[in-house]
Amino acid sequence: MTTGRLIYVVEDESDICTLVCGELERYGHHARAFRTGAQAMYALRQQLPDVCIIDLGLPDMDGLTLVRHLMEVGETGVIILSGRDSATDKVLGLELGADDYVSKPFDPRELVARINSFLRRRKKISALTTAVPARRALFGDWSFDPATLTATHRNGRREMLSAAEAELLLGLLQSPRQILSREQLMQARQGAFDRCIDVRMSRIRKKLEQDPRNPQLIRTVYGAGYMLMADVQWQAV
Ligand code: CA
């Protein structure tokens with residue numbers, strides 16, 4: 001059970017805010033509500049929460065601006081909440097690196113379940129990195145350090161991955177040269193949909209592949225899944 005995390009709820013509809021914060025507190029989390037993007041931005045500069053729930057339709061700014069800001073600072077989990085139930089918004093949010101997307105109307109219990117599932121997955125990643133401290137994976141022209149979520153190219157170029165992208169990459173790094181199905185890559189993830197994996201994979205490719213349209217490092221095996229086309233060596237930092 002993951003409890004006692006700091007969660008920001010950025011949502012201008014007070015009914016939804018009250019419901020979500022109440023449900024979060026019921027699970028032992030510490031929730032703080034913000035009615036405008038400006039208030040949230042101010043608070044984010046003071047202290048970063050473990051997870052930030054962001055409504056896309058804010059009175060003073062597009063919620064995606066906040067998502068972009070959080071992706072630059074890293075670390076915080078981002079869950080998008082929106083009445084704009086269009087596939088474009090969903091994909092755009094995930095492309096920016098958001099960890100999950102919930103459409104209104106929604107069941108606050110489902111939202112909290114997704115947050116808890118995100119926190120469990122994050123804990124798994126950090127357990128993985130602290131159980132075997134200071135190890136990085138060498139593959140192709142890259143090394144990946146799970147502790148800092150940073151991939152470094154042979155030529156010195158560095159790319160930061162989101163927690164969700166790192167989780168996916170670690171899945172591939174643990175089983176190189178094997179076809180992994182989307183189900184295997186999603187593992188027991190609640191509420192995830194196939195498109196999530198594809199969007200994240202394309203973000204990883206944009207960062208790691210020389211030509212993302214003709215990927216050589218991570219191949220798509222049609223109808224089966226993905227395969228990492230490199231040997232992996234784990235090395236002490
Ligand atoms: Ca709104």
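Reckoned from all heavy atoms, side chains included, excluding hydrogens, waters and symmetry mates. Read the numbers this way: they start at 1 and go in the same order the structure lists the ligands and their atoms.
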Query raised in the report: Quick one: do the H29 and N116 side chains pair a donor with an acceptor below 3.5 Å?
Result: yes
Query - the Ca ion (ligand 1): protein N, O or S atoms that are less than 3.0 Å away, sorted by chain - result: D12 OD1, D55 OD2, G57 O
Query raised in the report: With sequence neighbours left out, what residues match Q233 under side chain to side chain donor-acceptor pair (under 3.5 Å)?
Result: none
Query raised in the report: Can you pull the side-chain hydrogen bond (donor to acceptor under 3.5 Å, both in side chains) pairs that have at least one residue in residues 221-232, sequence neighbours excluded?
Result: R177-D231, D198-Y226
Query raised in the report: Are Y8 and F34 close enough that their ring centres sit under 6.0 Å apart?
Result: yes
Query raised in the report: Does a donor on one side chain sit under 3.5 Å from an acceptor on the other, for R158 and T148?
Result: no
Query raised in the report: Taking only residues two or more places apart in sequence, or in another chain, which ones meet Q178 in a side chain to side chain contact (heavy atoms under 4.5 Å, CB included)?
Result: S175
